[in-house]
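Structure, as structure tokens:
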Amino acid sequence: MNRTRSKQIVIRVSEDELALIKENVAKSGKNQQQYMIDALTKPAVINIDKAAITGIAAELQRQGNNLNQIARKLNEGGYPGLQAVERTMGEVNETWQSLKQYLQSPRSARH
């Protein structure tokens, strides 16, 4: 066989450790070999919840659109209204808090 990775490392793990490894591999979206290589050779492997990040990204995009509308109104010499600005800033703050909470949660912890 012509392989670029010709060396093997064999380790023994308990059933619980194996289950945790498999869970982390599945969360990473990588195959087991690549996950293990990354875990051993890189400073940290970070598992992310793609659905959570996609939801936050969609919310940020919506807020970006709101901010663009406010900026357009200001550039036209108009005034967007204090309520619109306060509402958008409140939404931005809520999204920031959600992102901060997600990044501090165990599911996004470094493995």
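For clarity, every value in this text was computed on a predicted model and none was experimentally measured. For the numbers below, each heavy atom of this structure counts, side chains included, while hydrogens, waters and symmetry mates do not.
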| task | Measure the shortest side-chain to side-chain distance between Ile9 and Met36 over non-hydrogen atoms and say whether it is less than 4.5 angstrom. | result |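 The answer is no, as the side chains (C-beta and beyond) never meet within the 4.5 Å cut-off.
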| field | Side-chain touch Met89/Glu86, heavy atoms, less than 4.5 angstrom | value |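 No, their side chains stay 4.5 Å or more apart.
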| Reference residue Glu91; test side chain to side chain contact (heavy atoms under 4.5 Å, CB included); the match among Asn66, Leu67, Leu60 | Asn66
| said: Checking Glu59 now: which residues fulfil side chain to side chain donor-acceptor pair (under 3.5 Å) with it, not counting sequence neighbours? | reply: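 Scan of Glu59 (side chain to side chain donor-acceptor pair (under 3.5 Å), adjacent residues dropped) gives Arg62, Gln63.
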| query | With Asn75, which residues qualify under side-chain contact (heavy atoms from CB on, under 4.5 Å), at least two apart? | reply | none
| task | Decide if atom CD of Gln61 counts as having more than 12 heavy atoms of other residues, nucleotides or ligands within a radius under 6.0 Å. | result | no
| message | Between the side chains of Lys27 and Glu23, is the shortest nitrogen-to-carboxylate-oxygen separation below 4.0 Å, so that they form an ion pair? | response |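 Between Lys27 and Glu23 there is a salt bridge, with a charged N closer than 4.0 Å to a carboxylate O.
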Show me the donor-acceptor pairs, under 3.5 Å and distance only, between side chains in residues 15-22 and residues at least two apart or in other chains.
residue, atom, partner, partner atom, Å
Glu17, OE1, Ser14, N, 2.7
Glu17, OE1, Ser14, OG, 3.3

| query | To the nearest 0.5 Å, how far apart are CG in Asn65 and OG1 in Thr88? | reply | 10.5 Å
| task | Would you name the heavy atoms of Ile11 and Val13 that are closest together and state the gap between them? | result | CD1-CG1, 4.0 Å
| field | Distance-only polar pair, side chains of Asp38 and Gln34, donor-acceptor under 3.5 Å | value |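 Checked: Asp38/Gln34 side chains pair up, N/O donor to acceptor below 3.5 Å.
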